Amino acid sequence: MNVSIEQMFLVVSTLLVLSVVASKVSGRLGVPVLVLFLVVGMLAGSDGPGGIYFNDPGLAQFMGVLALAFILFSGGMDTDWAVVRPVLWKGLGLATLGVLITAMAVGGLASAILGLSLLEGLLLGAIVSSTDAAAVFAVMRSKNISLRGQLKPLLELESGSNDPMAVFLTLGFTRLLSAPDFSTLDLLPFFAQQMALGAAAGLGLGRAMTFLVNRLRLEYEGLYPVLTSALVLFTYGATAALGGNGFLAVYLAGLVLGNSDFIHKKSLVRFHDGLAWLMQIAMFLTLGLLVFPSRLVGVIPTGLLLAGFLMLVARPVGVLITLLLAHMNLREKTMIAWVGLRGAAPVILATFPLLAGIPKADLIFNVVFFIVLTSVLLQGTTIPLVAKWLGVDAPMPHRRTRPLEFTQTGDLKGELVELVIPANSAMVGKQIVELGLAEGALIVLLDRCDEHIIPGGGTILQAGDTLLVLADQAALAALRSMIESGSASGAQDR
């Protein structure tokens with residue numbers, strides 16, 4: 001069937017609008033938005049009322065890899081190194097050993113109940129071994145719930161860093177099944193090569209990105225997003241071409257760039273956040289179109305068994321073994337185990353066996369798709385309830401919308417930060433003019449009871465006031481010390 005350009009634009013724009021509207025509905029229903037993106041794609045597909053026939057795993061894989069690269073890069077930019085550093089080894093343990101244990105456990109059961117060989121079963125286990133904890137926080141934000149202590153940064157780190165391990169296992173088992181000259185012993189050097197090159201390229205190119213963004217001095221601000229987007233693609237492509245793990249490289253490059261000072265930082269972070277959402281919608285729509293819902297009916301019994309085993313046995317065992325020596329109580333470990341949501345990555349990885357010509361690749365793809373849907377529907381909708389039941393939930397911090405922004409340039413070094421005045425601070429009851437602010441510090445806005453006030457020298461500070469301060473590092477340190485004077489709790493950055 002020939003489709004005109006105009007018709008294609010109409011269809012694509014309609015699907016995108018429906019997906020954006022679905023994201024609004026997902027918050028009210030408590031269902032992760034990725035499920036609704038998939039549903040929109042499935043309804044538009046050949047088995048749905050949309051009737052769009054799509055059966056091109058190659059194009060779906062291309063879209064998925066492209067999207068996942070930008071999503072991981074954006075996730076790296078949003079990761080605060082100071083926050084995740086205390087949980088670094090726990091997160092890396094979950095992202096490597098935890099993924100491996102999960103893959104082995106699910107793979108063993110899959111080979112037993114699906115009539116697959118052991119290698120085919122392990123391939124299926126590897127495909128569903130990574131988690132998408134990022135979807136969890138979307139659900140919890142919709143319910144205005146957060147997680148206590150180290151749980152949130154630990155899950156954020158795991159979700160951003162565990163896809164490379166799943167990719168390695170999937171590629172390794174696919175190669176074992178499709179290349180007779182590739183043996184199990186070759187997996188160890190393959191793993192070392194993938195991770196070492198991926199980490200080195202990611203860290204090195206992340207620093208190169210920071211250098212280029214700050215030094216090129218482009219005449220048009222709109223070119224900076226073009227530059228960073230091109231560098232993301234270059235990072236993935238160059239790393240993969242050299243035999244490294246491109247997904248690890250783009251995540252680390254985003255982490256390095258996001259935790260560095262560079263010009264137009266706010267606008268670039270917002271751009272890549274929006275691009276990541278566009279990529280996520282496009283990816284889920286494509287994957288939804290690729291699947292034939294009628295073919296999922298036959299895998300329901302075994303799919304439910306594997307999904308239940310994954311959620312209740314394989315993931316918890318992997319978490320408990322990995323965190324055996326960690327100073328965390330059983331309730332926290334249980335929460336981490338239940339948050340092992342499966343997302344887009346497994347469905348993307350399920351296209352690799354299809355393109356490699358693995359004999360039972362169709363069965364593996366349909367089972368993986370069913371497991372992902374089951375995991376998201378059962379775990380995703382119950383996470384807030386489980387968090388409350390385990391007593392690890394916390395109120396979602398109130399995030400204010402700033403009425404102004406600060407764009408850092410090479411000539412002006414400084415930060416725009418929010419500082420909260422505690423009730424027992426020595427600054428309470430004083431006029432701003434009495435503070436004797438250090439040179440290089442300027443209070444540009446004051447938030448009091450959600451009311452924005454432009455401060456003057458005679459403005460009297462009150463407990464709970466939030467100061468929006470523009471300052472260099474030295475002046476900022478002096479102001480923090482001043483706020484903490486007479487205060488046991490000190491200033492709170494936001």
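Only this structure's heavy atoms are used, side chains among them; waters, hydrogens and symmetry mates stay out. All of these numbers come straight from a predicted model, not from anything done at the bench.
- Expressed to the nearest 0.5 Å, how far OG1 of Thr374 lies from CG of Leu310 amounts to 10.0 Å.
- For the pair Trp338 and Leu390, the minimum side-chain heavy-atom distance is 4.5 Å or more.
- Residues Trp277 and Val20 fail the side-chain proximity criterion, which asks for heavy atoms closer than 4.5 Å.
- Of the charged side-chain nitrogens involved, none lies within less than 4.0 Å of a carboxylate oxygen, so that Lys90 and Glu332 do not count as a salt-bridged pair.
- Between Asp465 and Ile453, every side-chain heavy-atom pair lies at or beyond the 4.5 Å cut-off.
- Between the side chain of Asn214 and the backbone N or O of Ile263, at least one donor-acceptor pair lies under 3.5 Å.
- In this structure, the side chains of Ile281 and Leu16 come closer than 4.5 Å at one or more pairs of heavy atoms.
- One finds the CG atom of Leu437 at 7.5 Å from the CD1 atom of Ile432 (value rounded to the nearest 0.5 Å).
- Side-chain atoms of Arg85 never come within 3.5 Å of backbone atoms of Asp80 as a donor-acceptor pair (strictly under, hydrogens ignored).
- Across Thr235 and Ala253, no two heavy atoms sit closer than the pair CG2-CB, 4.3 Å.
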Legend entry - Evaluation steps, side-chain contact (heavy atoms from CB on, under 4.5 Å), between Glu156 and Val83: CA-CA 10 Å; Glu156 286 180 340; Val83 174; 5.5 Å; no

Legend entry - Steps toward side-chain contact (heavy atoms from CB on, under 4.5 Å) verdict (Val469, Leu442): CA-CA 6 Å; Val469 180; Leu442 177 66; over 6 Å; no

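- Separating the CZ atom in Arg215 from the CZ atom in Arg217 is a distance of 8.0 Å, to the nearest 0.5 Å.
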Legend entry - Stepwise side-chain contact (heavy atoms from CB on, under 4.5 Å) check, Val167 with Leu171: CA-CA 6 Å; Val167 171; Leu171 292 177; 3.8 Å; yes

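- At least one donor-acceptor pair closer than 3.5 Å links the side chain of Ser13 to the backbone N or O of Leu10.
- The structure places CG of Leu147 at 8.5 Å from NZ of Lys152, a figure rounded to the nearest 0.5 Å.
- Of all heavy-atom pairs between Phe352 and Ile348, the closest is CD1-O, 3.7 Å.
- Considering only heavy atoms from C-beta on, Val339 stays 4.5 Å or farther from Leu151 through its side chain.
- When all heavy atoms of Gly243 and Gln194 are compared, the pair lying nearest together is O-NE2, 3.4 Å.
- The backbone N or O of Asn162 sits nowhere less than 3.5 Å from a side-chain atom of Ser130 that would complete a donor-acceptor pair.
- Between the Glu221 side chain and the His264 main chain, no donor and acceptor come within less than 3.5 Å of each other.
- Between His272 and Phe70, the angle of the ring planes stays under 30°, which puts this pair in the parallel group of the 30/60° scheme.
- Considering all non-hydrogen atoms of both residues, Val428 and Pro422 come closest at CG2-O, 3.5 Å.
- Residue Pro225 comes nearest to Leu268 through the heavy atom pair N-CD2, 3.6 Å, listed as atom of the first residue, atom of the second, then distance.
- Gly41 approaches Leu289 most closely through the heavy-atom pair O-CD2, 3.3 Å.
- Leu341 places a side-chain heavy atom less than 4.5 Å from the side chain of Ile383.
- The main-chain N or O of Ala201 is never found under 3.5 Å from a side-chain atom of Thr239 such that the two would form a donor-acceptor pair.
- For the side-chain contact (heavy atoms from CB on, under 4.5 Å) test with Ser229, the passing option among Tyr224, Phe73, Phe271, Phe234 is Phe271; the others fail.
- Judged by distance alone, with hydrogens and angles left aside, the side-chain atoms of Thr210 form a donor-acceptor pair with the main-chain N or O of Gly206 at under 3.5 Å.
- Using a 4.5 Å heavy-atom cutoff, the side chains of Met209 and Thr228 are not in contact.
- Exactly one of Leu169, Thr322, Asp163 qualifies for a side-chain contact (heavy atoms from CB on, under 4.5 Å) with Val99. That residue is Leu169.
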Legend entry - Chi angles and distances behind the side-chain contact (heavy atoms from CB on, under 4.5 Å) call for Leu233, Leu66: CA-CA 8 Å; Leu233 296 177; Leu66 176 69; 3.5 Å; yes

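- Side-chain N or O atoms of Ser260 include one that pairs as donor or acceptor with a backbone N or O of Val256 at under 3.5 Å.
- Side chain of Arg342 to backbone of Thr131: no donor-acceptor contact under 3.5 angstrom is found.
- The structure places CD of Gln280 at 10.5 Å from CG of Leu285, a figure rounded to the nearest 0.5 Å.
- Inter-residue side-chain proximity for Gln462 and Ile421 is flagged as unmet; no heavy-atom pair is nearer than 4.5 Å.
- Panel note: side chain Ser129, backbone Ala126; a donor-acceptor pair is recorded below 3.5 Å.
- In this structure, CG on Leu92 lies 6.0 Å from CG on Leu157, to the nearest 0.5 angstrom.
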